[in-house]
Each structure stands twice: as C-alpha cells, then as structure tokens.
Amino acid sequence: MSEKYFQPEIETMSREEIEKLQSERLVKQVKHVYENVAYYRQKMDDAGVKPEDIKGIEDLHKLPFIEKDELRDQYPFGFLGVPQSEVVRIQSTSGTTGRRVVAFYTQDDIHVWEECCARALVAAGGSKEDVVHVCYGYGLFTGGPGLNGGSHLLGSMTLPMSSGNTERQLQFMQDLGSTILCCTPSYAAALGEAIVKRGINDKLKLKAGIFGAEPWTEEMRADIEKTLGIKAHDIYGLTEISGPGVSFECSEQNGMHIQEDHFIAEIINPKTGEQLPEGEVGELVFTCITKKAFPLLRYRTRDLCRLTKEKCACGRTHIRMSKVMGRSDDMMVVKGVNVWPSQIEQVLFTLGYQANYLIVVDRENNKDSIELNVEKTPEMAADPAYDAAKATSQIVAGLKNMLGIKVEVNVVEPETIQRSEGKAKRVIDKRNLYTMM
Ligand SMILES: [Zn+2]
C-alpha cells in the first residue's frame with residue numbers, strides 16, 4: 001500500500017511549527033553564509049546587515065538579494081560555502097559559460113534534494129512497489145539525477161532512461177511495467193502520441209506522471225492525461241536552488257507545495273524589491289536554509305507567480321505556489337532549455353551579423369519549435385561569394401553549440417524584417433503559455 005506522505009511529521013506540521021523551524025534554520029544559515037561566502041559577506045556589510053540582525057523569518061527582508069548575473073560573475077567558486085573537499089557533486093544550468101551556473105552539493109545537500117523528489121513521488125501516488133521511468137536528461141541537467149535519487153530513496157525500481165530513443169522507452173515501459181513517468185511535459189506528449197500510434201496503451205501500466213522543467217498549460221495537462229491514461233503532476237525547481245522538487249503538486253493538482261523546511265519562499269515586486277502580501281502576483285524569491293555547499297539567500301528566480309497558505313485537502317501544510325505565470329526578464333523555455341535572446345544575438349555577432357533578427361517560438365502537437373530569421377548585412381548581400389546554405393548551417397551549428405537545441409534558421413535579405421520604433425521586438429512567442437495572469 002502506498003503511504004500518503006513521505007515524511008508526514010514534516011509535510012503536515014502546523015504553520016507555527018513550520019515558521020519556527022524556518023526561523024531557527026535561517027539564523028544558522030545566515031551565519032554559515034556570512035562566515036563562508038566572502039562575496040555575500042561583502043554584500044551584507046555594504047547593506048549594513050550583520051548576522052545578529054537576523055533573528056527569524058520576519059527579518060528576511062533585511063538581507064540583500066542574489067541575482068543570476070552575480071552567480072555568473074562569481075563562476076565557478078564564488079558562492080561555494082564549504083571546503084571543496086566536502087563537495088561530492090556538481091550540476092549545471094543549460095547554456096554556455098556566459099550564462100552557466102555551476103551548483104555544488106555536499107552529501108547532505110544531495111540528500112535534501114532527493115528527499116524533496118521522494119516527497120513529490122509519494123504525492124503522485126508513488127511507493128516502493130512502483131516502477132519509476134525517468135526520461136529527463138541525465139548529466140549536468142538536474143532533471144534526471146533529481147528524480148532518480150528521489151526514486152532510490154523511496155525504494156522504487158528506477159529506470160534511468162534519460163531522454164530520447166522513443167522505441168527503447170516504449171519497449172522498457174512495456175517489458176518492465178513502468179508505473180510513474182518522469183519527463184518534460186512535451187516529451188510526455190510525444191510519448192503519448194507514439195503510444196497511440198502503435199496502439200499499445202493496453203500493454204502499459206502507467207498511472208501517474210511528474211512533469212516539469214518547462215511551462216505547460218491546463219489544456220496540455222488534460223491532453224496528456226487522456227492520451228496516457230494517467231494523472232499528470234507538475235513539479236518545479238531550479239538548479240540554483242537544488243533542482244526539481246523545490247515544489248510539487250499533490251493529488252489535488254491545485255498549486256505546488258513548496259518544501260518549506262528547506263526553502264523559504266517570498267513574493268516580491270520585481271521593480272522595487274518589496275515583499276508582497278500573500279496572494280499577489282510577483283517574483284518568486286528563494287532562500288535555502290539547509291543546503292551548505294551552494295547556500296543561496298534571497299535568490300531572485302525571475303519567475304512570476306502567487307503563493308497561498310490556504311489549507312490543502314491533501315493535508316500538507318506547506319505553502320503552495322501557482323504555476324509560473326510569466327517572467328520578469330526575457331528568458332524563454334524552449335524544448336525544456338532556458339533561452340535568452342541575448343545568447344542568440346551573441347552567436348549572430350560572432351558570425352558577423354547585426355541585430356536585425358526575429359525569433360518565432362511556437363508549439364504544435366505539444367512540440368516546441370524555434371525559428372530564427374536573420375538579415376544578411378548589406379556587405380553579405382553584395383558579396384557574390386556569400387553562400388546562403390553554408391551560412392545557414394553555420395548559424396544552426398553555432399546555436400546548437402550555444403543552446404543545445406536545434407533552431408530553424410532563415411537568412412533573409414537586408415531590411416526585410418520589420419523595424420519597430422522604440423524597443424525592438426525580437427521575439428514572437430505564439431505558445432500562450434502564460435495565460436493565467
Ligand atoms: Zn496538497
């Protein structure tokens with residue numbers, strides 16, 4: 001029989017107990033960071049805040065924020081909070097060195113992360129009787145290793161499939177009786193399509209899915225649930241904070257519970273940095289209160305959402321976040337990969353193009369596509385030796401190297417992409433992922 005919670009004593013503790021625990025852990029964590037992360041110590045000194053000033057979560061607002069650019073600037077060791085000999089693992093965000101963040105983990109940090117993922121699996125109905133089919137990517141990406149570790153901790157038979165090779169996925173799914181599928185929602189949809197095409201639905205034992213790493217809509221959820229005959233659960237996380245499992249959906253499928261014994265969540269006004277009251281939409285900020293190797297305080301995620309402490313019918317008391325409703329920067333998630341227009345621009349500049357381009361992102365049959373239209377420079381247009389096919393494949397290769405995904409590229413004549421007055425429109429995202437605002 002499956003249990004309702006992985007750690008009932010933590011997942012159902014009263015609000016007062018949660019906040020007391022958070023306060024105790026925060027005080028210790030601030031001291032740890034101040035003593036071990038020189039960069040953040042300087043930030044606190046500059047802000048005139050001492051560790052003694054932080055007596056509980058009510059003082060959280062006094063601490064300076066950490067932004068993604070700072071993680072980049074401090075690459076690789078600037079935020080390391082323990083001696084390197086204590087580190088047992090790194091993971092990394094997608095993107096090139098310019099945007100890459102390397103996160104460090106002690107053995108305990110790994111345990112924290114896996115615990116989070118085990119809770120998510122149990123919330124999706126998982127137990128040691130289950131067969132957990134993980135087709136998130138493995139390697140530096142946190143998706144595979146996170147759910148894999150959570151599944152181990154739970155004691156489920158774990159299939160470390162990684163992404164791709166749909167034939168093999170379906171074969172193992174049938175032969176080994178996979179019951180819980182973990183992957184990006186778009187890959188779940190693709191698998192669903194392949195399953196319907198082969199008519200093998202009856203041969204599968206799938207009952208639930210845990211899908212994250214990219215935004216998805218309720219329509220997509222309904223679609224996946226119908227095609228695969230499962231209950232589809234959302235999961236949220238980011239490498240900077242640990243990986244998937246920072247929050248997860250329970251059986252109610254009505255917001256994701258944030259694991260408040262490990263992370264404190266705040267919602268702020270992205271323009272002023274002020275904390276917003278419960279229920280308002282703003283930028284999500286996380287403070288890690290148990291992780292030691294990469295102990296970020298008040299990290300700005302740039303994800304916009306709202307929080308609620310309202311009672312959940314599942315019995316869990318941890319605060320819930322809505323689906324991400326948008327971004328406070330221009331990052332897009334395409335095919336599960338974080339993409340900034342500036343990265344694309346960088347590739348174009350390296351190859352001698354100018355900033356006359358338009359990116360079109362779309363989603364058809366639950367599959368993302370990304371297309372780049374870029375103008376030749378007048379010099380290229382005048383050069384008889386300019387080889388359009390060769391130029392296109394160069395850009396495709398450069399983008400693949402930078403982003404890790406295939407971009408459809410069209411090189412067009414100068415001055416054919418519409419100019420806009422004021423801020424140039426570089427991106428058209430037709431997916432309408434953030435319609436809930
Ligand atoms: Zn719940």
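Just so you know, these numbers use all the heavy atoms, side chains as well, and skip hydrogens, waters and symmetry mates.
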Note to self: Applying side chain to side chain contact (heavy atoms under 4.5 Å, CB included) to Y105 and W113, what does each step give before you reach the verdict?
What the structure shows: CA-CA 9 Å; Y105 303 76; W113 179 22; 3.6 Å; yes

Next item on the list: Please report the C-alpha distance between N373 and E371 in whole Å, then the side-chain angles of each, then the deciding distance to 0.1 Å, and finally whether the side chain to side chain donor-acceptor pair (under 3.5 Å) criterion is met.
Entry: CA-CA 7 Å; N373 298 291; E371 183 187 293; 3.2 Å; yes

Checklist line | Stepwise side chain to side chain contact (heavy atoms under 4.5 Å, CB included) test for V122 and K4 | finding: CA-CA 7 Å; V122 173; K4 211 171 162 199; over 6 Å; no

Note to self: What verdict does the side chain to side chain contact (heavy atoms under 4.5 Å, CB included) test give for C250 and C312, after you've listed the backbone C-alpha separation in whole Å, the side-chain angles of each residue and the deciding distance to 0.1 Å?
What the structure shows: CA-CA 9 Å; C250 62; C312 184; 3.7 Å; yes

Item checked: side chain to side chain contact (heavy atoms under 4.5 Å, CB included) between I359 and V361, intermediate numbers included -> CA-CA 7 Å; I359 301 162; V361 183; 4.0 Å; yes

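Defined by atom type and a distance below 3.5 Å, a donor-acceptor pair is missing between the side-chain atoms of H257 and S247. Using modelled atom types, one finds a donor on one side chain and an acceptor on the other under 3.5 Å when comparing E225 with Q253. For the residue pair R89 / Q91, a side-chain donor-acceptor distance below 3.5 Å is found, with atom types taken as modelled. Side-chain contact, S14 with E17: a donor N or O sits under 3.5 Å from an acceptor N or O. A donor atom on one side chain and an acceptor atom on the other are not found under 3.5 Å apart for N165 and Q169. A donor-acceptor pair shorter than 3.5 Å can be found between the side chains of N148 and Y138.
Figure legend: K50 and Y34 shown without cation-pi pairing, the cationic atom not lying both under 6.0 angstrom from the six-membered ring centre and within 45 degrees of its axis. Taking the centre and axis of the six-membered ring of Y75, the NZ or CZ atom of R100 falls outside the cone set by 45° and 6.0 Å. Cation-pi geometry between K323 and W216 is met: under 6.0 angstrom from the ring centre, within 45 degrees of the axis.
No donor-acceptor pair under 3.5 Å is formed between the side chain of Y40 and the backbone N or O of V30. Side chain of T227 to backbone of D223: a donor-acceptor contact under 3.5 angstrom is found. Distance alone, capped at 3.5 Å, is enough to place a donor-acceptor pair between the E70 side chain and the E67 backbone. Proximity of a side-chain donor or acceptor of K335 to a complementary backbone N or O of K406 within less than 3.5 Å is detected. No donor-acceptor pair under 3.5 Å is formed between the side chain of Y299 and the backbone N or O of F286. For the pair N36 (side chain) and H32 (backbone), a donor-acceptor distance under 3.5 Å is present. A donor-acceptor pair is defined here as one N or O able to donate and one able to accept, closer than 3.5 Å; such a pair exists between the side chain of Y136 and the backbone of G212. In this structure, R298 contributes its side chain and L63 its backbone to a donor-acceptor pair below 3.5 Å. Side-chain atoms of D329 come within 3.5 Å of backbone atoms of M331 as a donor-acceptor pair (strictly under, hydrogens ignored). Of the possible polar contacts, none joining the T179 side chain to the K207 backbone as a donor-acceptor pair under 3.5 Å is found.
The closest side-chain heavy-atom distance from I180 to V131 is not below 4.5 Å. By the 4.5 Å heavy-atom criterion applied to side chains, L60 and L26 are counted as neighbours. Between P185 and I224, some side-chain heavy-atom pair lies under the 4.5 Å cut-off. You'll find the side chain of S242 reaches within 4.5 Å of the side chain of K291, heavy atoms only. Put simply, the side chain of F65 reaches to within 4.5 Å of the side chain of I268, judged on heavy atoms. Two residues are said to be in side-chain contact when any heavy atoms from C-beta on lie closer than 4.5 Å; V427 and L358 fail this criterion. Residues R41 and D45 are in side-chain contact: their nearest non-hydrogen atoms beyond the backbone lie under 4.5 Å apart. Residues F211 and I235 fail the side-chain proximity criterion, which asks for heavy atoms closer than 4.5 Å.
For the atom pair SG of C305 and CZ of R327, the computed distance is 11.5 Å after rounding to the nearest 0.5 Å. With rounding to the nearest 0.5 angstrom, the CZ atom of R168 is 12.0 Å from the CE atom of M173. L80 contributes atom CG, which lies 11.5 Å from atom CD1 of I90 (distance to the nearest 0.5 angstrom). Separation of atoms NE2 (H233) and CE (M256) is listed at 13.0 Å; rounding is to 0.5 Å. Atoms OG1 and CG, from T93 and L238 in turn, are 10.0 Å apart once rounded to the nearest 0.5 Å. Expressed to the nearest 0.5 Å, how far CG of L121 lies from CD1 of I210 amounts to 4.0 Å.
Partners of K31 according to the salt bridge (charged side-chain N to carboxylate O under 4.0 Å, His left out) rule, which considers only residues two or more places apart in sequence or in another chain, are E35. With sequence neighbours excluded, the residues that form a salt bridge (charged side-chain N to carboxylate O under 4.0 Å, His left out) with D368 are R363, R431. In this structure, the side-chain hydrogen bond (donor to acceptor under 3.5 Å, both in side chains) partners of E167, at least two apart in sequence or on a different chain, are R198. With sequence neighbours left out, S186 forms a side-chain hydrogen bond (donor to acceptor under 3.5 Å, both in side chains) with E214. Annotation: salt bridge (charged side-chain N to carboxylate O under 4.0 Å, His left out) contacts of K62 (sequence neighbours excluded): D59.
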Review item, side-chain donor-acceptor pairs of residues 274-284, under 3.5 Å, at least two apart:
residue: E274; atom: OE1; partner: T272; partner atom: OG1; Å: 3.3
residue: Q275; atom: NE2; partner: E266; partner atom: OE1; Å: 2.6
residue: E278; atom: OE2; partner: K309; partner atom: N; Å: 2.7
residue: E283; atom: OE1; partner: R300; partner atom: NE; Å: 3.4
residue: E283; atom: OE1; partner: R300; partner atom: NH2; Å: 2.7
residue: E283; atom: OE1; partner: S328; partner atom: OG; Å: 3.2
residue: E283; atom: OE2; partner: R300; partner atom: NE; Å: 3.0
residue: E283; atom: OE2; partner: R302; partner atom: N; Å: 3.2

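Environment of CD in E364: sparse, with no more than 12 heavy atoms of neighbouring residues, nucleotides or ligands closer than 6.0 Å. Residue F172 qualifies as open at atom CZ: its count of foreign heavy atoms under 6.0 Å is 12 or below.
Aromatic pair F79/F104: ring centres not closer than 6.0 Å.
Nearest heavy atom pair, residue V33 against residue P295, reads CG2-O, 3.5 Å.
For the side chain to side chain donor-acceptor pair (under 3.5 Å) with Q259, the qualifying choice from R119, E115, H318, E11 is R119, the only one to do so. Test V333, V324, D303 against P215 for side chain to side chain contact (heavy atoms under 4.5 Å, CB included) and you get one pass: V333.
Salt bridge E24/K20: present, at least one basic N to carboxylate O contact under 4.0 Å. Between R15 and E19 a salt bridge is recorded (basic side-chain N to carboxylate O distance below 4.0 Å). Taking the charged nitrogens against the carboxylate oxygens, E249 and R221 do have a contact shorter than 4.0 Å, which makes a salt bridge.
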